[in-house]
Protein chains: 2
Amino acid sequence: MLTKSSTELVRQRNSVLVLSVLRRHGALAHTEISDFTGLSSATISAITADLERAQIIEKSEQQAASGRGRPRVLLRQRRDCGYLIVIVISSDAVQYSLVDYAGKLIDRFSEERSHDPSGAARFVAGVQAGLLRILDRSRISQEKVLLISISSKGLVASDEPVLLWSPIFGSDQIDFESALRPEWQAKVILDNETLLVAAALGAREEIAKGADFRSLAALSLGHSIGLGIVRRGNQTGQEISAANFGHMLHMAGGGLCRCGTRGCIEAYAGFYAILRTAFEVPLDTIPAKFVPVAELDKIAARARQGHRTSAFAFRQAGLALGNGLSRMLSLTERMPIAITGPGTRYYDLLRQGIEEGLGQSHVVRMEGMPEIRVVPDEPILVFEGHLNRALSVIDQDIVISGGQGGE
Amino acid sequence: MLTKSSTELVRQRNSVLVLSVLRRHGALAHTEISDFTGLSSATISAITADLERAQIIEKSEQQAASGRGRPRVLLRQRRDCGYLIVIVISSDAVQYSLVDYAGKLIDRFSEERSHDPSGAARFVAGVQAGLLRILDRSRISQEKVLLISISSKGLVASDEPVLLWSPIFGSDQIDFESALRPEWQAKVILDNETLLVAAALGAREEIAKGADFRSLAALSLGHSIGLGIVRRGNQTGQEISAANFGHMLHMAGGGLCRCGTRGCIEAYAGFYAILRTAFEVPLDTIPAKFVPVAELDKIAARARQGHRTSAFAFRQAGLALGNGLSRMLSLTERMPIAITGPGTRYYDLLRQGIEEGLGQSHVVRMEGMPEIRVVPDEPILVFEGHLNRALSVIDQDIVISGGQGGE
DNA sequence: ATTTTTTTCTCGACAGTCGAGAAATTAACT
DNA sequence: AGTTAATTTCTCGACTGTCGAGAAAAAAAT
């Protein structure tokens, strides 16, 4: 549905544009902002004056004059304009990070997650406590927290911050919005972890390639399997789509998955599945809840030394991944695939299976093998994705609300 | 990538908005346009005056005054403002339609496609001839044709009007842009046929449900299998994604498909595949190029009378479709599925298999069976999709170019 | 001290939207 | 017939926004 436009909307959009340029390039002078945005100098004056009045940006102290002429006045975000809390939920820990408006990490700690199945209610209480703790450690007032950005593996609702299904809590849903709402007035967003990885890689790609960038998929290999897809939208930045890839059907009536269904990709390519195949345990055995990486390393070592069954386990995993990716590519355009997560250390063993699995489909035979790259440092990408996404949401909100009520 | 906004852009967008409202509701008075768009009366005056001057819309003749007060002056598109040619390519014919700017069908004819494999080059020549013919029959000058909107089954490039793969020409690519470029200055767009069906259904849904509409998939059953997905985008109307669903891998190393790959969905659910299974022909037999519907009707009749192998063929087909759909749903959000195409007449036989196939996956077990509806009149939907899409593209272009050079 | 160079700020012109009220036009009422 | 009420369209001034040009500021070079 189209909607009406007004001159005020123009100002809003251009203000967001200025903030985003500032975000991408750091502190900038008047002239540089004008160059990057394509807006005229007069407009930059007007917009920056507004933003300064609203205490969103500030003039930085005079730096050593670089050349002759009137020295530049650099503009930068006010760090104390607002804060962001990032919560990364993984299977064994929850990491809390406090970030200022300029994107600088102020504080961070992790809390081990006990593996008791006490469920969602207690976990939510833990998150509430964690939030208060990070706030307390840094002595920042609660109102200054503009956004809480959460990520988890699993399936996330598209419009609300609700975790629909996760490998940790199963289908015990968690609604973070309502869990935090009375105390926190900050906006709450929730994203699939691998989606953030894809978003981060997409942003990097876009900086490198510019308009040539079209789309990209990120595949995360670990205890569970995740997939994120980033596509460059028509105009509105880049449109991002999450995925429940790990539990896509690989083979009807196949091996039993942790989720209780048979034949999921994860039941072939998850760590526990590789273990199961390597030890020739029947495929309908209820899988182990958690597999130490050391265990898998041993199997990998054996496989590399030529041990048949071990190599076969990785090959089967690759095949499931390859088939799944080929199915994904049947529904989207051709795109490069980035593989991340702890499973990348076994890529040498998985590769042949992945390629074979891909090769069995029409799209790949027609368009050729997609580019596959390995990007091991997943946690960095997750955090980067959080920042990209969260800070641009904050920019948006801050401009719409016209600063902190000051006008 | 964000881009700068200006006041002129505001006018453009609002002009497009006015045109789109006119499109949806037919001839409207000043006041009504104001109501529908949310723009003030003064703005409507300014915009409509511009559009009238540019000869895009016109005041209609006074109608019988309906109530008291100053009588309304209805505004409507000028039919002769420009024309659209719609080309629907199907396996046995090519249909040409000439439509005026108001969306009214002026002329239409079909040309049988000879089944000779003389290939793409000759086909392109046929299209060129067809275009000239429809132009000639209606005595409309070539410059007045603003857009040529083409649809076909198969895989379409996302940014150019290039047919990458089709059941008819295989991977003999056809670039319609360059094929028509010297003679025709009209814009050329190409869409997957089932995508247009999905777009049309999505538009209907959006009218019925308003903002509640989120997304929808259309599945077309016939000699080949097609899938289109429509999602409501963030702001920019609805974003649409094409799919190569028919040749998604159903089962590795499975039955031989027309495309030369093994195990495609089509190799189980296409008409020829159902025939093959019903007659217990080995699955690696090179499939028939074309299957008369009457032939399939016979099998269906036998199946309905309880004939085992025939019923099995439909069940297998349903299973492949259900598995495929479940895989699609693993990569997207939950959405209703509309089934169209000639294959809908066998839906009673396919249904059980489809539901079983869907039920084998994690998403469906978790979120429940998606809503499935049967919408048999596919050709109408294809044409409706063409019109929706093409006319809104024309509106866009016409506003940007500021009418036909008149200012 | 003056000139050159570079950056920032300011002013008037222009484009767009909006609200209010004037103008137009018909039906209904006395 | 004359007047009033209702309804629609048009117009005017106010406001917001962007832009180009040139003034003002400030440091280096001459």
Side-chain angles (χ1 to χ4, degrees), chain A residues 2-18 21 27-54 57-76 399-400 402 407, chain B residues 2-18 21 27-54 57-76 399-400 402 407:
Chain A
L2 295 171
T3 174
K4 79 171 179 179
S5 293
S6 62
T7 53
E8 284 87 351
L9 213 140
V10 170
R11 167 57 68 89
Q12 268 185 20
R13 296 171 80 94
N14 284 339
S15 297
V16 170
L17 178 61
V18 167
V21 164
L28 292 179
H30 197 103
T31 334
E32 294 169 311
I33 299 179
S34 169
D35 285 350
F36 283 128
T37 59
L39 294 166
S40 77
S41 163
T43 305
I44 301 298
S45 283
I47 289 175
T48 54
D50 274 6
L51 292 176
E52 210 181 335
R53 206 169 322 124
I57 62 172
E58 61 188 353
K59 293 204 174 76
S60 81
E61 291 313 300
Q62 301 293 65
Q63 53 165 17
S66 56
R68 65 172 161 185
R70 178 172 175 172
R72 297 181 159 186
V73 180
L74 296 190
L75 296 166
R76 59 158 49 94
V399 163
I400 289 173
E407 182 52 33
Chain B
L2 296 171
T3 173
K4 79 170 179 179
S5 293
S6 60
T7 52
E8 284 89 348
L9 214 140
V10 170
R11 167 57 66 88
Q12 268 184 22
R13 296 171 79 95
N14 285 340
S15 298
V16 170
L17 178 62
V18 167
V21 164
L28 293 178
H30 195 101
T31 334
E32 296 170 310
I33 298 179
S34 170
D35 285 350
F36 282 127
T37 58
L39 293 166
S40 77
S41 163
T43 305
I44 301 298
S45 284
I47 289 175
T48 54
D50 273 8
L51 291 176
E52 210 181 335
R53 206 169 321 123
I57 63 173
E58 61 188 355
K59 293 204 174 76
S60 81
E61 291 312 300
Q62 300 295 63
Q63 55 166 12
S66 55
R68 64 171 159 184
R70 179 172 174 174
R72 298 182 157 188
V73 181
L74 296 188
L75 297 167
R76 59 159 49 97
V399 164
I400 290 173
E407 184 53 36

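Lettering follows sequence order; numbering is per chain, from 1.
For the pair B:Leu17 CG and C:dT17 P, the interatomic distance rounds to 11 Å; values are reported in whole Å. For B:Ile44 and C:dG19, the CD1 to C1' distance is 14 Å, given to the nearest whole Å. Nucleotide C:dG16 holds its C1' atom 9 Å from the CD atom of B:Glu8, rounded to whole Å. Atom CZ in A:Arg11 sits about 13 Å away from atom C1' in D:dC19, given to the nearest Å. Nucleotide C:dT7 holds its C1' atom 13 Å from the CD1 atom of A:Ile33, rounded to whole Å. Rounded to whole Å, atom C1' of C:dT10 lies 11 Å from atom NE2 of A:His30. Between B:Leu75 atom CG and D:dT8 atom P there is a gap of 14 Å when expressed in whole angstrom units. With rounding to whole Å, B:Glu32 atom CD is found 11 Å from D:dT8 atom C1'.
In this model, the phosphate group of D:dT18 is approached by a side-chain N or O of A:Asn14 to a distance below 4.0 Å at OP1 or OP2. Using a 4.0 Å cut-off, no side-chain N or O of B:Lys4 falls inside it from OP1 or OP2 of D:dG17.
In terms of position on DNA chain D, the residue among A:Arg70 and A:Ala46 whose nearest nucleotide sits closer to the 5' end is A:Ala46. Heavy-atom nearest nucleotides on DNA chain C were determined for A:Lys59 and for B:Leu39, and the one closer to the 5' end corresponds to A:Lys59. Residue whose closest nucleotide on DNA chain D sits further toward the 5' end, between B:Ser6 and B:Ser41: B:Ser41.
Distances from the side chain of A:Ser45 to the nucleotides C:dT7, C:dT10, C:dT17 place C:dT10 closest. Checking D:dT9, D:dG17, D:dC19 against the side-chain heavy atoms of B:Thr7 singles out D:dG17 as nearest. In this structure, of D:dA26, C:dT25, D:dG17, it is D:dA26 that holds the atom nearest to the side chain of A:Pro71. Closest to the side chain of B:Thr31, from the set D:dA21, D:dT11, D:dT9, is D:dT9. Side chain of B:Arg72, nearest nucleotide from C:dG16, D:dT9, C:dG19: D:dT9.
Taking both residues in full, the closest heavy atoms of B:Lys59 and B:Leu75 are given as CG-CD2, 3.9 Å, listed atom of the first, atom of the second, then distance. The shortest heavy-atom contact between B:Leu74 and B:Glu32 is CD2-OE1, 4.4 Å.
Looking at B:His30, its side chain never comes within 3.5 Å of a backbone N or O of B:Val73 through a donor-acceptor pair. Remark: side-chain polar atoms of A:Ser34 are paired, donor with acceptor, to backbone N or O of A:Leu39 under 3.5 angstrom.
Using a 4.5 Å heavy-atom threshold, the side chains of B:Val16 and B:Gln12 count as separate.
Within 4.0 Å (heavy atoms only), A:Ala29 reaches sugar-phosphate atoms of the nucleic acid but no base atom.
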